[in-house]
Amino acid sequence: MIIVMREDASRAQIDHVFDKVRELGYKTHPIYGEQRTVIGAIGDERGKFRLKGLESVPGVESVIPILKPYKLVGSELKKDKTIVRVGENVAFGSDRFVIIAGPCSVESREQIIATAEQVKKAGATVLRGGAFKPRTSPYSFQGLEEEGLELLAEAREKTGLPIVTEIITPQDIPLVARYTDILQIGARNMQNYALLKQVGLLDKPVLLKRGLSATIDEFLMSAEYVVSQGNPNVILCERGIRTFETATRNTLDLSAVPLVKRMSHLPIIVDPSHGTGVSALVGAMTKASAACGADGAIIEVHIDPENALSDGEQSLNPEQFAELVKGLKPILRAEGKRL
Ligand code: PEP
Ligand code: MN
């Protein structure tokens with residue numbers, strides 16, 4: 001249920017409603033808007049009628065049921081868009097199109113530092129790189145783990161770029177959170193609820209990728225897991241889904257972008273690298289992402305794609321990446337966005 005306070009409700013009246021809602025056994029999630037305060041009451045649906053009684057309390061305008069199962073990430077409860085800030089220069093969900101770039105996996109000091117320097121020069125504002133890799137085969141390269149995190153931190157030190165890296169198990173959270181600026185939950189873990197709950201307890205932004213076969217509702221429910229634990233800083237990422245088509249690695253569902261923007265206030269970016277699996281398609285799909293309203297893109301860039309330890313076939317080299325960013329600018333201008 002949502003408790004909508006009157007515009008002229010006093011602080012004391014709002015606090016009183018908080019107390020009442022908690023007394024009734026519900027968790028409160030306040031949203032302080034410019035005009036008024038709205039309180040989300042999260043808990044057992046069966047006790048709804050008792051909350052309805054709050055309509056007689058001074059300062060309360062109305063108590064209304066939430067129709068969608070995702071109460072906190074849906075746009076019903078919060079109309080203004082969430083902006084997720086990382087450091088001084090990065091704001092997902094603003095008028096900036098945030099470009100995250102870097103290799104699929106961190107492989108060596110030379111590789112990550114050279115890539116970081118080059119993507120920064122071309123216009124990226126966040127560095128990506130996997131240290132713990134969820135690979136389909138147990139015999140594939142699994143990542144450098146802590147050494148990879150150290151190398152990412154070194155690249156951040158050198159370039160000033162904040163970093164995003166994947167976390168694949170709750171046990172690794174203290175370690176990964178110590179190094180990274182944004183925690184990535186990969187497609188394969190989108191419904192790993194134990195992991196979602198744990199990252200929900202942190203105050204670091206979470207980049208949540210859509211599962212390989214997840215519906216939009218399931219995707220938003222996973223975001224709800226994180227936000228309901230207290231962490232509002234979720235960035236969604238459309239990265240392609242499994243369909244009957246095998247000519248591309250996945251089918252990049254760009255309609256998810258404007259749809260999610262209608263359904264949720266969270267920012268959403270696109271991963272055209274995993275979305276297509278083909279480096280030659282990455283530029284076109286990044287432009288399409290900008291044109292359909294995405295808040296950014298995450299792009300795999302490798303100094304030597306041919307010899308990459310993972311996902312070389314979908315990685316751009318730094319020159320191709322610089323070319324892509326150049327070609328993106330007129331589209332961003334037309335959309336009223338900038339890098
Ligand atoms: C990745 O970004 O390196 C990755 C493994 O992506 P996804 O989880 O989308 O497959
Ligand atoms: Mn990859």
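Whatever order the structure lists ligands and atoms in, that order sets their numbers, starting from 1.
Here the Mn ion (ligand 2) is the vertex; the SG atom in Cys104 and the OD2 atom in Asp311 give an angle of 100° (to 10°). With the Mn ion (ligand 2) as vertex, His274 NE2 and Glu300 OE2 subtend 90°, rounded to 10°.
Within the structure, the closest approach of Arg210 to ligand 1 does not fall below 4.0 Å when heavy atoms are considered.
With Ser264 contributing its side chain and Ser75 its backbone, the two residues share no donor-acceptor pair below 3.5 Å.
The pair Lys20-Glu23 counts as a salt bridge, with a side-chain nitrogen and a carboxylate oxygen less than 4.0 angstrom apart. Remark: Glu7 engages Arg36 in a salt bridge, criterion side-chain N to carboxylate O under 4.0 Å. A salt bridge is defined here as a Lys NZ or Arg NE, NH1 or NH2 lying under 4.0 Å from an Asp or Glu carboxylate O, and Arg96 with Asp295 fails to meet this definition. The residues Arg249 and Asp311 are annotated as salt-bridged, a charged nitrogen and a carboxylate oxygen being separated by less than 4.0 angstrom.
For a threshold of 3.5 Å applied to N or O pairs, the pair formed by Ala187 and ligand 1 contains at least one separation below that value. Geometrically, ligand 1 and Glu166 share no nitrogen or oxygen pair separated by less than 3.5 Å. For ligand 1, the polar-atom distance check against Lys133 finds a nitrogen or oxygen pair separated by under 3.5 Å.
Here the protein heavy atom with the shortest distance to atom 4 (C) of ligand 1 is His274 NE2, 3.5 Å. Annotation: atom 9 (O) of ligand 1 to nearest protein heavy atom, Arg239 NE, 2.6 Å.
If you number the atoms of ligand 1 from 1 as listed, the ones under 4.0 Å from a heavy atom of Arg188 come out as 7 (P), 8 (O), 10 (O). Ligand-side atoms of ligand 1 in range of Gly186: 8 (O), range being under 4.0 angstrom from any heavy atom.
No side-chain N or O of Asp217 forms a donor-acceptor pair with one of Thr215 less than 3.5 Å apart. Counted by atom type alone, Ser310 and Ser105 present one or more donor-acceptor pairs between their side chains at under 3.5 Å. At a cut-off of 3.5 Å, with distance as the only test, a side-chain donor of Thr82 or Lys78 sits close to an acceptor on the other residue.
By heavy-atom distance, the residue among Arg249, Glu238, Lys209 lying nearest atom 6 (O) of ligand 1 is Lys209.
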